[in-house]
Structure formats: structure tokens, C-alpha cells
Amino acid sequence: MEITIQSFDGCPNRDLLEQRLAQALNSCGGDVTIAHHSVETPEDAARVGFRGSPTVLIDGVDPFAEGHAFVGLACRVYRTADGPSGSPSVAQLRAAIEDATTGQGEGSAL
């Protein structure tokens with residue numbers, strides 16, 4: 001499995017996402033590669049369908065994408081059980097990883 005973190009330089013929530021992702025991966029195990037992809041221009045954002053920083057892709061799929069979500073350079077806000085956050089919760093990340101592992105597909109992590 002490849003997990004990609006997309007963000008722009010100076011993203012205030014990238015560290016939070018990385019911390020939560022590490023916690024989620026500790027309980028999931030498995031063979032995981034983590035990559036980082038910098039999105040720095042509006043043209044880059046449009047080209048890759050960037051929905052805000054930070055974005056997590058699991059095997060190239062954004063499990064938290066909403067069809068009407070903005071594409072461009074902006075901070076991303078996630079809906080969590082504790083309210084809006086700059087990162088999915090550990091539980092949401094764990095569920096998205098498990099769904100990807102079992103092939104359940106997009107959208108079930110919310």
C-alpha cells in the first residue's frame with residue numbers, strides 16, 4: 001500500500017496528519033510506503049485534483065473526498081466526530097486504511 005501526503009509548504013496541519021497517520025498505522029500494520037508530494041501552484045492543484053492541504057491518498061485514492069469539494073490551494077478541513085479538524089482523526093485514518101486493504105472502496109471512511 002502506498003500512502004501519499006499532499007500538502008503545500010508551510011501547511012499548518014501537515015504535522016498533525018503525520019502524527020495521526022503514524023498512530024493509525026501502528027494498529028493496522030502491513031507493508032506501507034509513505035510518500036510526500038508538494039503542491040505549490042494553482043496549476044499543480046488543478047492538475048492533480050488537490051482538495052486542500054493536507055490531503056491523504058491511499059493507493060492514489062482520496063478516501064475523504066466529497067464530490068463538490070473545492071480543488072485548489074487552500075487549507076483542508078475534515079469532518080470528524082469531534083468537529084471540524086485540519087486532519088482526519090486516527091479512527092478515520094485507520095478505517096480508510098482497513099477499507100483500502102479489504103477493497104471496500106471510497107467513502108466508507110467518513
Checklist entry - Does Asp59 reach the main-chain N or O of Glu2 with its side chain, forming a donor-acceptor pair under 3.5 Å? => result yes

Item to check | Heavy-atom donor-acceptor pair, Thr55 side chain to Phe50 backbone, under 3.5 Å | outcome: no

Checklist entry - Restricting to pairs with a member in residues 70-100, which pass ring-ring contact (aromatic ring centres under 6.0 Å, His included), not counting sequence neighbours? => result Phe64-Tyr78

Checklist entry - So which heavy atom on Arg76 is nearest to which on Asp62, and how close? => result NH1-OD2, 2.7 Å

Checklist entry - In terms of hydrophobic clusters joined by side-chain contacts under 4.5 Å, are Leu93 and Ile34 together? => result yes

Checklist entry - Between Gln6 and Val39, is there a donor-acceptor pair closer than 3.5 Å when you use the side chain of the first and the backbone of the second? => result no

Next on the checklist: Same cluster or not: Val32 versus Ile58, using hydrophobic residues (I, L, V, M, F, W, Y) connected whenever any side-chain heavy atoms lie under 4.5 Å apart?
Outcome noted: yes

Throw together a table of side-chain donor-acceptor distances under 3.5 angstrom for residues 12-25, partners on residues two or more places apart or in other chains.
from	atom 1	to	atom 2	distance (Å)
Arg14	NH1	Ser7	OG	2.9
Glu18	OE2	His36	NE2	2.8
Arg20	NH1	Ser85	OG	3.1
Arg20	NH1	Ser87	O	3.0
Arg20	NH1	Pro88	O	3.3

